[in-house]
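Written below as structure tokens is the structure these notes are about.
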Amino acid sequence: MRTQRPSGWYAVPAYGFFALFAVLPMVLVVYLSFTSWQGLGTPVPNGTANWSRLIADGEAHAAVGRTVLLMVVSWLFQTPIALLIGVWAAGPQRSRAVLSSIFFLPLLLSTAAIALLWQALLDPNFGIAAGGTQFLGDPDIAIYTVVFVISWQYIPFHTLMYQGAARAIPASLYEAATIDGASRLGKFLHITLPQLRYTLVTSSVLMLVGSLTTFDTVLILTGGGPGTATRILPLHMYITGFSGFEMGYASTIAVVLVVLGTALSVAVMRWSGFRAMSSQQEGS
Amino acid sequence: MRPLIAMGLVAMAAVVSACGTAGPAEPGAGGVKVWALQDPVLNPIEQKSIDFFKSGGGNASLETFGNDPYKQKLRVAIGSPNAPDVFFNWGGGNLKEYVDAGKIADLTPVLDQNSALKNAFLPSVLDGAKIDGKYYGIPMRGMQPVLLFFNKEVFAAAGAQPPKTWDDLLALVDTFKAKGVQPIALAGSQAWTELMWIEYILDRIGGPEVFRNIRDGKGQGWKDPAVLESLNKLKELIDRGGFGTNFASVGYDVGGASTILAQGKAAMHLMGSWEYVNQLGQSPDFVKKGSLGWVAFPSIPGGKGDPGNVVGNASNYYSVTSGSSQVEAAKKFVSTALHEDSYVQALIDAGDVPAVVGVEEKLAKAANSEYTTWIYGQVKGAKSFQLSWDQDLPAEKATAMLTQLQEFFLGKVSPQQFVDAVAAR
């Protein structure tokens, strides 16, 4: 019997929303990037002026550099921790359920609350490190503090992904390895890791694209400061657009962000062979 | 992703407003639509002025918004059918952008016809909303000059006197450092607190004309030698440790700088006059036992500026949008409700110092009279009241300047580099 497929019309609301709130604004942002607009009156087309300005804008280049740094350091910091906790939490230990729930807590807090919390905790006069290292006030340290706070918030989420995936690894693989006399480390390296590789890809894409568009934490925690030490590209766009009211130029930066984000996810997918995903579950 | 979506929505608003030659709004049921900042103290007073207007047969309603969202919302709304009829603003270059776009009603005829209204306000404050010789706003709240606050107990313990000159200030920095007290509190994570320093120093050294030239694009602008000299003076103060070492992540909104002054961890704090009300709220004991002192910004010998000059926010203003369908009613509101006795008295009772002529007696009778009378005298006697630079420059220039200034305070940008960078914008 032929399966009855739902009519294509069912997809209209989803496509409609996507077109109205994602595609249309994107198209308009591209248009605005070729205009000069102070937020008042009508945008005035100014050719490629914004784009040549972007090419010469040292501040924007520095912001791209900081964004890449934030992205790479975030990934390097979050992945091993999330992977290890996730695999551990998938195990049968007695303390697991309680500790996992505690590790999960940061994910339940809102981003604004987390940023305010850490800001108060690291206050240079009244915080835990008062008088010592200036985690938010030292331009050389501040960006790592930002990475730490973002990681603190999102590691539980990635942990959850790894935990779920590790649970799904067939026990028979481990049993076979045990019979062959594999060590714990050996099982982790030769069974768990290869089995988790697609989760690793998914989690990495989320982390990388997430870091690229990180915004709220940085805005509240440091506002891009001290000086411009943590002014990453999305924040640079926001400050240009909503403090300087240079909407045209801010749109140019927005286009760059869209292109970078899309290119990044496509690149990771290609490079990791995400499309060719297969499962080694029995029966499939 | 959120900022991207915000950008996108702004883009949509732009195109929507560009397509439709959106006419003025229908006269709503609420009458004159008044927009203002959210402020638990001020909002009831603003409502009172609206009630007063209503009792005279008018009709109006008040809507309020938080600070940063307000500026953004106003930007997008003005020129759209959802524009307010009357809106709260800071005067100066900020208002000028709207005036230049033809969005603001000229209030000069209203003031000219009604000399009682014009004479009711201090001229230097009324001038804060004067653009190209025309008046575009009526002062609607207290004056907010910047002054140097100090902790009297800390000064007494060090046997020190508040600074009268720049050299006094430098000497005090050494005195307090030796005592282990941070000489000056600074909420450096917010650039506008740093801006107050360079505003005063430049005014004292070069006089108010130097910044006016910068704003108006006349003369040498930022390249005036007085700017470099001022930056060098300020750098000396920073390098001497005047602001301590951790100001970069201290925030004003979270009370960081005010609290260390009240606790005696810092000796001085340059801040707008609202700091008094702020301290009264956050550290009432500190103010009530008389430990909070204040003086004018020190003079700089040899400088061209009058030591009586002040900088800060002259006042806030109500302006009328020219596209409003209720221009006449809105003009009537701003010309009747903002200097009448009960409104002025309510401002005074809230600790504000209204920019209204002849309120000395009322101030003397109200609470905190020592402070409010001092502020009134200070502004009345000032030859120049320079609006905060970030309000007086167009937004994109102000934003670029604030960025450079933060780098300058961190020592990442030299005085010369600062001048070159801001002059290039």
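Taking every heavy atom of both residues into account, B:Lys71 and A:Phe245 meet most closely at O-CZ, 3.9 Å. Closest approach of B:Asn246 and A:Gln134 over heavy atoms only: CA-OE1, 3.2 Å. Residues A:Ser243 and B:Ala395 approach most closely at O-CB, 3.5 Å, considering heavy atoms.
Put simply, the side chain of B:Arg75 gets close to the backbone of A:Gln38: a donor and an acceptor are under 3.5 Å apart.
Rounded to the nearest 0.5 Å, atoms OG1 (A:Thr228) and CD (B:Gln404) are 8.5 Å apart.
The side-chain hydrogen bond (donor to acceptor under 3.5 Å, both in side chains) check on A:Thr217 picks up nothing, with sequence neighbours excluded. Every residue meeting the side-chain hydrogen bond (donor to acceptor under 3.5 Å, both in side chains) condition with B:Asn94, not counting sequence neighbours, appears here in chain and number order: B:Gln391.
A:Phe34 CZ: more than 12 foreign heavy atoms inside a 6.0 Å radius. Enclosure of atom NZ in B:Lys265 by more than 12 non-hydrogen atoms of other residues, nucleotides or ligands within 6.0 angstrom is indicated.
Side-chain contact check for B:Thr259 versus A:Asn125: every heavy-atom pair is 4.5 Å or farther apart.
Per-residue counts of heavy-atom pairs under 4.5 Å with chain A were compared for B:Ile78, B:Ile260, B:Leu402; the largest is that of B:Ile260.
Contacts with chain A (heavy atom to heavy atom, under 4.5 Å) involve these residues of residues 405-414 of chain B, listed by number: B:Gln406, B:Glu407, B:Leu410, B:Lys412.
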Fill in: Stepwise side chain to side chain contact (heavy atoms under 4.5 Å, CB included) check, B:Thr403 with A:Arg231
CA-CA 10 Å; B:Thr403 303; A:Arg231 192 186 283 191; 2.9 Å; yes
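Of the atoms belonging to A:Phe126, it is side-chain heavy atoms, and not backbone ones, that fall under 4.5 Å from chain B. Of the atoms belonging to B:Ala398, not a single heavy atom falls under 4.5 Å from chain A. Contacts of B:Ser249 with chain A are made by both backbone and side-chain atoms, with heavy-atom separations under 4.5 Å. Contacts between B:Gln190 and chain A at a heavy-atom distance below 4.5 Å are absent for every atom of the residue.
Residue pairs meeting the salt bridge (charged side-chain N to carboxylate O under 4.0 Å, His left out) criterion with at least one partner in residues 122-143 of chain A, sequence neighbours excluded, do not occur; the list is empty.
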